[in-house]
Structure formats: C-alpha cells, structure tokens
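For ligands, and for the atoms within them, numbers begin at 1 and follow the listed sequence.
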Amino acid sequence: EDWQDRGAAVSVRQEVDANGHTVSRFVKKGVRDFSFGNTLGEGSYSTVVFATDRQTLKEYAIKILDKRHIIKEKKVKYVNIEKDTLNRLTDHPGIVRLYYTFQDERSLYFVLDLCKGGELLGVLKRMSTFDEECTRFYGAQILDTIDYMHKRGVIHRDLKPENVLLDHQMHVKITDFGTAKILKAPRRPDESTSSIPNMDSSEVPEEERASSFVGTAEYVSPELLTDKNACKASDLWAFGCIIYQLLAGRPPFKAGNERSLAWITIFLIGFPAVARDLVERLLVLDPAQRLQIEHIKNHEFFDGISWGTDMWKQKAPRLK
Ligand code: ATP
C-alpha cells in the first residue's frame, strides 16, 4: 500500500512539561479528534459525514474511503490524485479545502470544508433556472476558481454543477479532483495571467498533456473525444456548458452514444443575447479558438464584476 501522507496538516498543542514550562507540540489529527454526525452523502467509493473537531468545535465534512474497496476497484491512483491536487490548492475560497488526512486499519479520512448549501445542481433543480444576476454571480465565482487552479497547474477535467458545492453563505466551492490532471511546471501564483495562451492540444508540451479519457459525457470537450487530450481550454468548454445550463435549466448537449453527440447548441427564445454570445464563444470546437479566461472576464456578460478577492466578500444574490 502506498498511502502517502505528505502535506498533512497538524495542530499545535500547548502542554506544560514536568518543569512547569509551556511547550508546543505538533500533534497529528486522528479519528479520535472528531465527533461524527449525520451522513451528508455517498459516492461510489466514499461516504461523506458531518463532523466537529472536539477541541475547536469547528465543523467539517469528512470523506471516508474504504481501503479494501478502493484497492479492489483499482482506484488508489485517483484517491492519491485527489489528495495531491487538493494539497496544491489550499489558498483559494472557491476550492473545497483539505485540512487533514489520516487513516485507520479500514479507512482513509479526508477532512474537508463543510458545504452546507449542497450541490449547485440541486439548487438549480429546485429553481429550475437561474436569472442573469444569479448566473453572473455563480459563473464569476466558478471562473475565478478555474483561473486559480489553472495558474497552479491543475486541469479539473470534470467540471459540472454536481461538482460545484455551496458553503453556508452560498458561495462556490469546487470539489471532486479525483480525475484532475496535475501539470508539471506549475505557474507561480504571482505570474502574470496575460502570458498564458489558450493552447491547442497539439501545442501543449508533452508533460502538459492529459491523455486519459475522463469526465462526464454532457460536459466533455470535443478535443477529449477526438484526440483523447485535455488541456486547460477543456475546462472552459465545461464552463460554457455550465453557464448555458444555469440559464436554460438543462445542459446544452445530451449524453448517450458519445459518437453521436452533435455539437449544435440550441438557444431558446428568451435566452439572454449577451449570455448567448459568451456561450457561443466558449462552445467552439477548436480549443485554441475558445475564449481565454482574461477575455471571459472582460466579456460584457460579466460587466460589473470586480474580479479578485473582493468578489468573495459579496453577498450571494437571492435565488430567482
Ligand atoms: P462518485 O464518487 O460516485 O463520483 P461523489 O464524487 O459525489 O460520487 P463524494 O465526493 O464522496 O462522491 O461525495 C458524496 C456526496 O457527499 C455528494 O453527494 C456530495 O454532495 C456530498 N459532499 C461531498 N463533499 C462534501 C462537503 N465538503 N460538504 C458537504 N457535502 C459534501
């Protein structure tokens, strides 16, 4: 077994030693440091449970994975990818943060940000569609988060409303990095964004290529189906699908036999013209021709958004 424990967080405990001196000890958190509550959800290989840190009373979601099941189903690689990507993406409000990892004989535990608002898909289903203001708000938070992960050298590869969770203040937290691709040579956080080209997969250096087929049929980009390569622009295809879905109430493309996916987007009457223009510039077959993040931010649809940390201090609009 190769369950790596790099990057695991520890807590500092103040103790008084035999001489009466206060000493700080680094203590690795474990199962006994949490009290476990209701089940929040179940995945194919995991159960997510509400938990509180017994010491600080801070609330978390703990993802519990059964080791035997994961080994049997050959998912060890994906569990490690999830952990490695989350450990690389720890300082942005739009990512579900991984605080601690530990294990016991049976299970692996990921201590994560609690997302009380559930999945964006569930909220959308309750509302049936979002208005432009809500779509702009959630779209902007998702895009800012994609921008952050791309700058850190991570392609998500499975962006969809089920993988966008919402916290207690209905702010976005992107999750499910099990199928993400970590690129070599990540860009430094302080590096200028304007120099990042929207590369066609043929221009992407070998180590930046993500060559295994992963994702969800409705949101999968054409380049992934044709040459099995994902690049950063593949996440922007999925972003275009999400913007469409928030406004229309359903994704632009139907799943089914993937080879029969026709890349024709139908906009119903009433679909806002400015949003349609944005979606049409994102759902472009050639990834090199797709709108780049900086241009999406400057698109008229996002007029009025102040990009950066300020947008995470904004109150979420009332859903309508
Ligand atoms: P699968 O592995 O089958 O693709 P999944 O990725 O949804 O499923 P999990 O990540 O284990 O599997 O999530 C299971 C459920 O728990 C999901 O429905 C999700 O909404 C919920 N959940 C996951 N993470 C959190 C969290 N941080 N806070 C609150 N609920 C969560």
Side-chain angles (χ1 to χ4, degrees), residues 3 9 29 34-53 57-87 89-103 106-127 138 141-142 145 149 154-181 212-220 235 238 242 245 251 255 316:
W3 307 110
K29 294 264 183 194
F34 297 89
S35 53
F36 292 78
N38 294 339
T39 298
L40 297 166
E42 308 236 15
S44 327
Y45 308 97
S46 48
T47 304
V48 179
V49 187
F50 174 85
T52 23
D53 183 321
L57 301 183
K58 190 173 147 63
E59 298 176 334
Y60 294 97
I62 300 188
K63 182 163 169 165
I64 307 172
L65 302 116
D66 183 71
K67 289 200 253 188
R68 269 178 47 200
H69 189 202
I70 288 164
I71 293 165
K72 205 171 110 228
E73 300 292 322
K74 300 195 168 39
K75 300 294 170 190
V76 175
K77 184 180 149 199
Y78 301 104
V79 174
N80 283 326
I81 290 172
E82 182 163 25
K83 186 176 164 182
D84 291 344
T85 41
L86 287 175
N87 278 331
L89 304 173
T90 51
D91 55 352
H92 191 276
I95 305 274
V96 170
R97 189 164 163 191
L98 176 63
Y99 292 88
Y100 314 99
T101 55
F102 42 81
Q103 57 179 307
R106 258 186 74 179
S107 312
L108 300 173
Y109 299 82
F110 284 15
V111 182
L112 301 159
D113 270 326
L114 175 65
C115 297
K116 286 190 169 167
E119 297 172 4
L120 181 61
L121 182 68
V123 177
L124 178 64
K125 282 194 168 158
R126 284 198 294 279
M127 301 301 300
Y138 289 103
Q141 291 204 336
I142 293 167
T145 309
M149 58 198 203
V154 174
I155 309 176
H156 188 288
R157 299 200 289 186
D158 197 16
L159 288 171
K160 54 181 172 177
E162 284 159 273
N163 290 336
V164 177
L165 300 182
L166 300 163
D167 66 11
H168 63 285
Q169 50 175 348
M170 295 299 274
H171 281 186
V172 158
K173 297 239 181 245
I174 294 181
T175 189
D176 208 353
F177 286 85
T179 49
K181 175 72 186 176
S212 45
F213 175 79
V214 292
T216 303
E218 285 95 330
Y219 306 87
V220 77
D235 281 346
I242 294 171
Q245 186 171 0

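- Each of the following atoms of ligand 1 lies closer than 4.0 Å to a heavy atom of E119: 17 (C), 18 (O), 19 (C), 20 (O).
- The side-chain heavy atoms of Y99 and D113, taken from C-beta on, include a pair separated by under 4.5 Å.
- A donor-acceptor contact shorter than 3.5 Å links the side chain of D235 to the backbone of R157.
- In this structure, atom 5 (P) of ligand 1 lies nearest to the protein heavy atom G43 CA, 4.1 Å.
- Proximity of T175 to ligand 1 is not established, as no heavy-atom distance is less than 4.0 Å.
- Every atom of ligand 1 with a heavy atom of A61 under 4.0 Å away is listed here by number and element: 26 (C), 27 (N), 28 (N).
- Interatomic distance, L121 CG to Q245 CD, rounded to the nearest 0.5 Å: 6.5 Å.
- The protein non-hydrogen atom at the shortest distance from atom 10 (O) of ligand 1 is K63 NZ, 3.0 Å.
- Rounding to the nearest 0.5 Å gives a distance of 8.0 Å between CG of D84 and CD1 of I81.
- Taking atom 16 (O) of ligand 1 as the reference point, the nearest protein heavy-atom neighbour is G41 CA, 3.4 Å.
- Under 4.0 angstrom from ligand 1, the non-hydrogen atoms of D113 all belong to its backbone.
- Each of K74, K75, E82 was checked for a side-chain contact (heavy atoms from CB on, under 4.5 Å) with Y78, and the lone residue meeting it is K75.
- At under 3.5 Å, a nitrogen or oxygen of S46, whether backbone or side chain, sits near a nitrogen or oxygen of ligand 1.
- Nearest protein heavy-atom neighbour of atom 31 (C) of ligand 1: V48 CG1, 3.8 Å.
- Although no hydrogens or angles enter the test, the distance criterion places a donor-acceptor pair under 3.5 Å between the side chain of Q141 and the main chain of V172.
- The neighbour count for K125 NZ, taken as heavy atoms of other residues, nucleotides or ligands under 6.0 Å away, does not exceed 12.
- Annotation: T47 places no N or O atom under 3.5 Å from an N or O atom of ligand 1; distance criterion only.
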Does F102 form a side-chain contact (heavy atoms from CB on, under 4.5 Å) with V111? I'd like the steps, not just the answer.
CA-CA 9 Å; F102 42 81; V111 182; 3.6 Å; yes
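- K181 contributes no side-chain N or O that, together with a main-chain N or O of H156, makes up a donor-acceptor pair within less than 3.5 Å.
- Residue contacts with ligand 1 for K116 are absent, since no atom lies close enough (heavy atoms, distance under 4.0 Å).
- The nearest non-hydrogen atom to atom 24 (N) of ligand 1, considering only L98, I62, L165, V96, comes from L165.
- Under the 4.0 Å distance rule, the nearest protein heavy atom to atom 7 (O) of ligand 1 falls outside the cut-off.
- Here's the thing with S44: one of its N/O atoms is less than 3.5 angstrom from an N/O atom of ligand 1.
- Within a 6.0 Å sphere centred on CG of D91, other residues, nucleotides and ligands contribute more than 12 heavy atoms.
- Counting heavy atoms under 4.0 Å from ligand 1, residue C115 touches it through both backbone and side chain.
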